[in-house]
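Everything numeric in this text was worked out from a predicted model, so none of it was measured.
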Number of protein chains: 2
Amino acid sequence: MNSCAFRGQAIFKEAGIMKIAEPTVERLVLYYRLLSQLHNEERRVVSSQEIGEMLGLKASQVRKDLSYFGEIGKRGVGYHVDRLYQHISNILSPNRVWKIALVGVGRLGEALLGHKALRSDKFKLEALFDNDPSKVGQVICGIPCYDSEEMTEIIRRKEIEVLILTVPAGAAQISADRAVAAGTVKGVLTFATTAISVPEDVLVYRVDISVELEKLLFFLKGSVA
Amino acid sequence: MNSCAFRGQAIFKEAGIMKIAEPTVERLVLYYRLLSQLHNEERRVVSSQEIGEMLGLKASQVRKDLSYFGEIGKRGVGYHVDRLYQHISNILSPNRVWKIALVGVGRLGEALLGHKALRSDKFKLEALFDNDPSKVGQVICGIPCYDSEEMTEIIRRKEIEVLILTVPAGAAQISADRAVAAGTVKGVLTFATTAISVPEDVLVYRVDISVELEKLLFFLKGSVA
DNA sequence: AATCCCCCGTGATTATTATAACAAATGATT
DNA sequence: AATCATTTGTTATAATAATCACGGGGGATT
Ligand SMILES: NC(=O)c1ccc[n+]([C@@H]2O[C@H](COP(=O)([O-])OP(=O)(O)OC[C@H]3O[C@@H](n4cnc5c(N)ncnc54)[C@H](O)[C@@H]3O)[C@@H](O)[C@H]2O)c1
Ligand SMILES: NC(=O)c1ccc[n+]([C@@H]2O[C@H](COP(=O)([O-])OP(=O)(O)OC[C@H]3O[C@@H](n4cnc5c(N)ncnc54)[C@H](O)[C@@H]3O)[C@@H](O)[C@H]2O)c1
């Protein structure tokens, strides 16, 4: 089963190629988490209605998302928890273990290092980079920290494919440039509060905490008298 | 100028009520940051084309977003940097200084505390909450940390309106419940990797780092051979 | 086995968001 | 002043995403 980035409702394509919309992938991860929980609770079946209530989604949305991958539920009954869990797990599982690196071992970088989000069997964190002499050369959370000046060379040598950027805004572009120059980087997850420009074939995802807070406050302004 | 949360393209309403789509608000924050930078560089004018190039957006998107708030640009010329900066600042500025609290002073909570995202004149961080005895009673980054058992009472007394949730997933719902019980909370920004359920009139924004990483990996799988 | 209520899968519809296209305005140039 | 190259504001259109609505299994119950 192949898949690729796509803006639009998920559709089956003749050639066996499946294109899944980003909002659907996001919800698949939520379904996966929920199923994991239900699995642990030894729950046997669950309906789209129930999934929707637990995640704050419409039942029809849940059914549509799940139906993109074949008829996995049972009419009149619901979805078999373990089967659906395994199914979504297959969909989300990568076809390889990605090699990743984190640039900027500051407050946020260290928080990430300590968190389970970076302990996944989908990737292996192979290197850290920083320009702070007190960090370079250290082994932090079991991962060696290198000088960011050597980034291009080390990323190329280690064949790092994914970059997590937790450097200050001013260092984001130069860090991205150094990493991309290695030629191995396929994707970047950036937390910097600035836009970065990379070659077209590098996929960038941005997590912008300040923006989310601003949006919350903006819409609060309108909803409250 | 009033505004409220709304799913759909921004429209002027007769009554002077303006409804702005969330994607537009998100980009407004990006425009604001960029304008701040251009302002510091003493740039005088900028075109929608240039803004778009710097932020990775189409010029037509930029013009559309900016036009919701009246004719602020000058045809044949572009947008006057300082004027647009001030204008967006007005749009984004709250009609009050929000009182906020942060629950869960762990790795992520502390990273946020140290970051400028929580040093804004749009809100005042009034309280921290944790259930770790080594944190309760301390003053962390200048903010007092209270026992999470006392949350309802303290939030009510301090009239906290916005909550930042950085507790483990298992503590997210109980924390939200305790806070909401105070009756003063209007909005929540949660980083927990779980859904929380709150009354309809409480606005929830979620930042889910693991989900973003999962999405990146999923779409990498499809884009790479 | 007939009846009933349940609940999935899916095509149709609606809602939302992005892009394109162009008239109108602006300042520069001749 | 007329012409021209620009660049906005805005309407029209396209693209994307969510929801509805219903056909059709599925199993329990009588
Ligand atoms: N901390 C937060 O809660 C938070 C919230 C929102 C956004 N962010 C964003 O995340 C990023 C990191 O924030 P932070 O709070 O961890 O900052 P920080 O200052 O604590 O850490 C930044 C790290 O990057 C390193 N660094 C600086 N320049 C570098 C370079 N050229 N190459 C390699 N490393 C370099 C520094 O030595 C430091 O270790 C920033 O862009 C920030 O805007 C952070
Ligand atoms: N650290 C990260 O980079 C990261 C990444 C993605 C998601 N998250 C999410 O953010 C949240 C916090 O993560 P973290 O890494 O900071 O965890 P952490 O364990 O470092 O911190 C959690 C804090 O919450 C406190 N706490 C626990 N139960 C509490 C309760 N009932 N009331 C009040 N406080 C309580 C703990 O004492 C601790 O100080 C989690 O939901 C996590 O999934 C964190």
Peer 1: Is the backbone N or O of B:Gly114 less than 3.5 Å from a side-chain atom of A:Arg107, with the two atoms forming a donor-acceptor pair by type?
Peer 2: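 Such a contact is found between A:Arg107 side chain and B:Gly114 backbone.
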Peer 1: Nearest whole Å is fine: how far is D:dT16 C1' from A:Arg27 CZ?
Peer 2: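 Atom CZ in A:Arg27 sits about 12 Å away from atom C1' in D:dT16.
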Peer 1: Looking at DNA chain D, which of residues 35-55 of chain B put a heavy atom within less than 4.0 Å of it?
Peer 2: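 Result for residues 35-55 of chain B: B:Ser47, B:Ser48, sorted by number.
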Peer 1: Quickly work out the A:Leu57 CG to D:dA17 P distance and round it to whole Å.
Peer 2: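 Spelled out: CG on A:Leu57 to P on D:dA17 is 15 Å.
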Peer 1: Kindly give the heavy-atom pair with the smallest separation between B:Leu118 and B:Phe123, and that separation in Å.
Peer 2: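 So the minimum-distance heavy-atom pair works out to O-CE1, 3.7 Å.
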Peer 1: How many Å lie between CD1 on B:Ile20 and P on C:dA18, as a whole number?
Peer 2: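 For the pair B:Ile20 CD1 and C:dA18 P, the rounded distance is 13 Å.
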Peer 1: Please give, in whole Å, the distance from C:dT16 C1' to B:Glu26 CD?
Peer 2: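 So the two atoms are 16 Å apart, to the nearest Å.
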Peer 1: Identify which one of B:Ile155, B:Leu203, B:Val198 satisfies the side chain to side chain contact (heavy atoms under 4.5 Å, CB included) criterion when paired with B:Val185.
Peer 2: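 Only match with B:Val185 under side chain to side chain contact (heavy atoms under 4.5 Å, CB included): B:Ile155.
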Peer 1: Quick one: A:Phe69 CZ to C:dT10 C1', roughly how many Å, whole number?
Peer 2: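 Checked: the CZ to C1' distance equals 15 Å.
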Peer 1: Starting at atom NZ of B:Lys58, determine the distance to atom P of D:dT7, rounded to an integer number of angstrom.
Peer 2: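 The distance from NZ of B:Lys58 to P of D:dT7 comes to 18 Å, rounded to the nearest Å.
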Peer 1: For each nucleotide in nucleotides 22-30 of chain D, reading 5' to 3', give B when a protein heavy atom comes within less than 4.0 Å of its base, S when such contact involves only the sugar-phosphate, and - otherwise.
Peer 2: -BBBSS---
Peer 1: Please state whether the phosphate of D:dT6, meaning OP1 or OP2, lies under 4.0 angstrom from any side-chain nitrogen or oxygen of B:Tyr79.
Peer 2: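 Looking at the OP1 and OP2 atoms of D:dT6, neither is under 4.0 Å from any side-chain N or O of B:Tyr79.
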Peer 1: Let me know the distance between CZ of B:Arg83 and P of D:dT8, rounded to the nearest Å.
Peer 2: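 From B:Arg83 CZ to D:dT8 P: 13 Å.
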Peer 1: Taking the side chain as everything from C-beta on, heavy atoms only, tell me whether B:Thr193 gets closer than 4.5 Å to B:Ser210.
Peer 2: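 A side-chain contact under 4.5 Å exists here.
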Peer 1: Grab the CD-P distance between A:Glu22 and D:dA17 for me, whole Å please.
Peer 2: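 Whole-Å distance recorded here is 8 Å.
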Peer 1: Go through the steps for B:Glu22 and B:Tyr205 under the test side-chain hydrogen bond (donor to acceptor under 3.5 Å, both in side chains), then give the verdict.
Peer 2: CA-CA 12 Å; B:Glu22 181 179 310; B:Tyr205 269 78; 2.9 Å; yes
Peer 1: Mind checking if A:Ile72 touches a base, just sugar-phosphate, or nothing, with heavy atoms under 4.0 Å?
Peer 2: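 A:Ile72: backbone/sugar contact only, no base atoms under 4.0 Å.
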Peer 1: Got a donor-acceptor contact below 3.5 angstrom from the B:Arg206 side chain to the B:Leu189 backbone?
Peer 2: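 No, B:Arg206 side chain to B:Leu189 backbone: no donor-acceptor pair under 3.5 Å.
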Peer 1: Donor-acceptor pair, A:Thr166 side chain versus A:Gly104 backbone, under 3.5 Å?
Peer 2: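 Looks like yes, one N/O pair under 3.5 Å.
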Peer 1: Are the charged groups of A:Glu161 and A:Lys99 less than 4.0 angstrom apart, N to O?
Peer 2: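 A salt bridge is absent here (no side-chain N lies under 4.0 Å from a carboxylate O).
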Peer 1: Given 3.5 Å as the limit, does a donor-acceptor pair link the side chain of A:Arg43 with the main chain of A:Leu38, or not?
Peer 2: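 No; judged by distance alone, with no hydrogens or angles, the pair does not exist.
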